[in-house]
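Before any comments, here is the structure.
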Amino acid sequence: MPDFDVGDAQYVPLPRDCLRQYQRNFVRMQSSANETKKLTAVSLLPAKLREFVEENVRICCPSNVQVCDGSDAENQLLVNKLIESGTIVSLPKYKNCFLARSSVKDVARVESRTFICTRNRRDAVNVPRGSALGQMGNWMSLEQADKAIEERFVGCMAGRTMYVIPFSMGPLNSPYSKIGVQLTDSAYVVCSMRIMTRVGTEVLEKLNSDQDSYFVKALHSVGRPASGQVEHPHWPCDPERTLILHKPEFDEIVSYGSGYGGNSLLGKKCFALRIGSTIARREGWLAEHMLILGVTDPKGRKRYVVAAFPSACGKTNMAMMRPSLPGYKVECVGDDIVWMRFDQHGQLRAINPEFGFFGVAPGTSGSTNPVAMETIFENTIFTNVAQTSDGGVYWEGMEDPAPGVTVKDWLGEPWVPGSSTPAAHPNSRFCTPADQCPIIDEHWASPEGVPIDAILFGGRRPQGVPLVYEAFDWKHGVFIGASMKSEATAAAEHKGKAIMHDPFAMRPFFGYNFGHYLQHWLSMANKANVKLPKVYHVNWFRKDKEGKFMWPGYGENSRVLDWILRRVNDEPNTAQVTPIGYVPTKESFNATGLNVDFDGLFSVPKEFWTEEAKEVANFLYEQVDQDLPQDIQDQIKNLIDRLNSYQTN
Ligand code: O2Y
Ligand code: MN
């Protein structure tokens with residue numbers, strides 16, 4: 001079956017009016033540019049950017065073009081416009097906070113409509129064995145992509161403003177950062193991009209001063225249905241024809257039909273991960289779906305770690321952890337994405353390319369994530385959470401509203417506790433500036449990044465998987481990343497609680513063939529004089545026979561960090577060998593004051609792991625087939641051999 005199968009897209013021929021309208025606009029753009037002589041005048045943009053804007057004005061036919069300067073004044077005008085159109089409402093209980101309600105058909109990333117577009121399929125996605133379906137991304141040819149774009153974009157911005165958003169992923173003065181420019185017809189997207197990335201004239205200045213004016217091109221439209229019927233005028237979208245395309249060869253992103261999250265804030269998953277991972281491969285670094293945190297032990301020794309968990313598995317909670325262990329301190333560098341590379345001294349260094357947090361609201365509370373609760377009630381755009389009659393927000397898991405305060409659900413309907421439907425959509429979000437986080441790390445925006453000493457992989461694994469184990473070496477660590485699995489979540493369109501493969505937590509975000517990606521990770525060990533970080537797997541979600549969680553999680557996860565730090569500091573007698581890696585010795589794991597089943601938490605059941613190894617081997621051989629690196633094949637064999645000779649007592 002071809003990868004590209006997104007229903008009956010209708011071809012809409014270029015309307016003549018649209019062309020004429022474009023010509024009028026163009027004249028207006030030129031004259032206003034000459035009058036203003038501002039950096040944000042279209043005619044004064046760096047040539048490559050101007051070309052990008054003009055080409056897409058010609059196609060999309062907006063009635064106006066606005067180059068964003070990122071200022072407060074500009075933001076205020078956009079907020080006013082969004083309030084007027086009913087896209088957002090103000091939340092007077094908080095300072096400068098707003099609530100958006102999306103269309104019910106536009107509530108999450110749509111993986112089935114997300115494509116990597118290349119000449120050769122094998123460059124973009126893994127090619128599975130036989131008739132097996134590829135599970136790690138979709139491919140579309142460049143020709144199909146161009147046709148799909150033409151079918152959707154011609155005239156799609158008629159009557160709307162095209163906003164030009166110059167943004168930087170990462171601090172502007174960092175050699176690790178990259179510039180992007182997003183064109184969009186959504187003011188909501190502009191305001192959200194301004195929170196999530198560094199937007200403004202400094203970016204244009206940088207583009208102007210760079211010799212090659214390089215930037216990643218990102219074109220976005222919320223679209224309009226072919227029928228002409230916009231179902232929810234406050235949140236236009238075209239869910240039947242939504243498409244999110246990536247062209248790594250050209251560093252281009254094209255997104256149509258959705259205004260929501262990862263589909264529309266193109267700096268995030270599309271740029272920082274999908275296109276980012278292809279740039280990283282070319283340039284010899286890593287773009288990953290990982291949080292970054294700094295942890296200081298009671299002796300004042302500070303280490304930074306990164307951790308990859310699948311979507312909505314608690315990365316934000318961990319990145320903002322309040323450690324329960326006395327004397328420990330955790331500081332947050334980022335909660336979702338890392339760009340990292342080895343420096344000239346062989347030290348792995350990481351930056352957070354983002355500027356804000358786009359966190360899942362339900363489940364966030366004073367007990368699960370008090371730091372987030374201290375972060376998000378200023379300068380924040382909430383989407384699809386419930387609204388309280390005192391001008392605030394509410395979601396499942398949050399402390400109950402005060403007596404007498406009533407609640408409207410995410411659809412704007414009256415809601416009472418105990419209702420059969422949720423108050424907030426399970427994928428409702430807060431979009432909030434990172435520098436408001438009270439535990440933001442002092443180096444979170446350092447141009448040189450922070451030094452990384454450990455890489456953690458993890459997932460929701462109710463059965464068989466220990467709380468923490470350490471890889472024997474780098475190759476084994478890469479294999480552990482490749483073997484990651486987790487219960488599905490609400491961050492995408494999946495239903496139910498099936499355990500899904502999610503290698504490196506990147507399954508929805510690979511920008512190229514997963515087999516080549518594994519080879520790229522393995523190749524890090526071939527760099528001269530690099531200090532490879534230790535690699536771990538963690539699982540906060542193991543359940544006992546009664547189905548109860550065996551580990552309290554949250555701040556108690558600092559005990560796992562404590563053990564990892566001991567290992568990183570080469571403390572003796574801290575590990576015992578099992579077939580899957582090193583697990584803590586009883587003496588080295590601080591469980592003081594906790595009533596937990598240590599042996600149960602760290603057990604490595606032979607039967608479970610024998611099955612697991614077979615299943616992972618099948619998955620990797622079937623999915624990656626010809627492109628499965630020999631090193632990974634060796635790792636599979638080694639694991640099975642170790643399990644075969646494993647004596648349990
Ligand atoms: O588009 C969405 O529904 C949001 S997805 C998202 C947002 C923030 C951080 N991570 C994710 C994810 O799916 O991993
Ligand atoms: Mn994520």
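Since the model is a prediction, treat every value here as computed from it, not as a measurement. Just so you know, ligand 1 is whichever comes first in the structure, and atom 1 is the first atom listed for that ligand.
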May I have the step-by-step check of ring pair (Phe, Tyr, Trp, His ring centres under 6.0 Å) for H537 and F457, ending in yes or no? CA-CA 5 Å; H537 188 281; F457 296 116; 7.7 Å; no
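Atoms of ligand 1 lying under 4.0 Å from any heavy atom of F509, numbered from 1 in the order shown and given with element: 12 (C), 13 (O), 14 (O). For ligand 1, the atoms lying closer than 4.0 Å to a non-hydrogen atom of G261 are 1 (O). Taking every non-hydrogen atom of A108 and a distance limit under 4.0 Å, the qualifying atoms of ligand 1 come out as 3 (O). Listed by number with element, the atoms of ligand 1 under 4.0 angstrom from any heavy atom of D336 are 9 (C), 10 (N). For ligand 1, the atoms sitting less than 4.0 Å from at least one non-hydrogen atom of G262 are 1 (O), 2 (C), numbered in the order shown with element in parentheses. Near F358, with a cut-off below 4.0 Å to any heavy atom, the atoms of ligand 1 are 4 (C), 7 (C), 8 (C), 9 (C). When each atom of ligand 1 is checked for a heavy atom of N427 under 4.0 Å away, the hits are 2 (C), 3 (O).
Residues F357 and F430 are in side-chain contact: their nearest non-hydrogen atoms beyond the backbone lie under 4.5 Å apart. For the pair R152/I149, no side-chain contact is recorded, criterion being any heavy-atom separation below 4.5 Å from C-beta on. Put simply, the side chain of T316 does not reach to within 4.5 Å of the side chain of V360, judged on heavy atoms. A 4.5 Å side-chain heavy-atom check between I244 and H246 finds at least one atom pair inside the cut-off. Inter-residue side-chain proximity for H220 and V189 is flagged as met; some heavy-atom pair is nearer than 4.5 Å. Considering only heavy atoms from C-beta on, H443 stays 4.5 Å or farther from E331 through its side chain.
Not a single heavy atom of K315 lies less than 4.0 angstrom from ligand 1.
Shown here are the salt bridge (Lys or Arg N to Asp or Glu O under 4.0 Å) partners of K315, two or more places apart in sequence or in another chain: D336.
Some N or O of H289 is nearer than 3.5 Å to an N or O of ligand 1, by distance alone. Residue-to-ligand polar distances keep N263 apart from ligand 1: every N/O pair is separated by 3.5 Å or more. Checking only distances, Y260 never comes within under 3.5 Å of ligand 1, N or O to N or O. For ligand 1, none of its N or O atoms has an N or O atom of K268 under 3.5 Å away.
A salt bridge links E111 with R109: the distance from a Lys NZ or Arg NE/NH1/NH2 to an Asp or Glu carboxylate oxygen falls below 4.0 Å.
With waters neither drawn nor counted, the protein N/O/S atoms under 2.8 Å from the Mn ion (ligand 2) amount to 3.
Using a 3.5 Å distance cut-off with no hydrogens or angles, the side chains of H501 and E615 do pair a donor with an acceptor.
A side chain to side chain contact (heavy atoms under 4.5 Å, CB included) with W139 holds for exactly one of N126, T118, I116; it is T118.
Using a 30° and 60° split on the angle between ring planes, Y517 and Y512 fall in the tilted class, from 30° to 60°.
For V360, no heavy-atom contact with ligand 1 is shorter than 4.0 Å.
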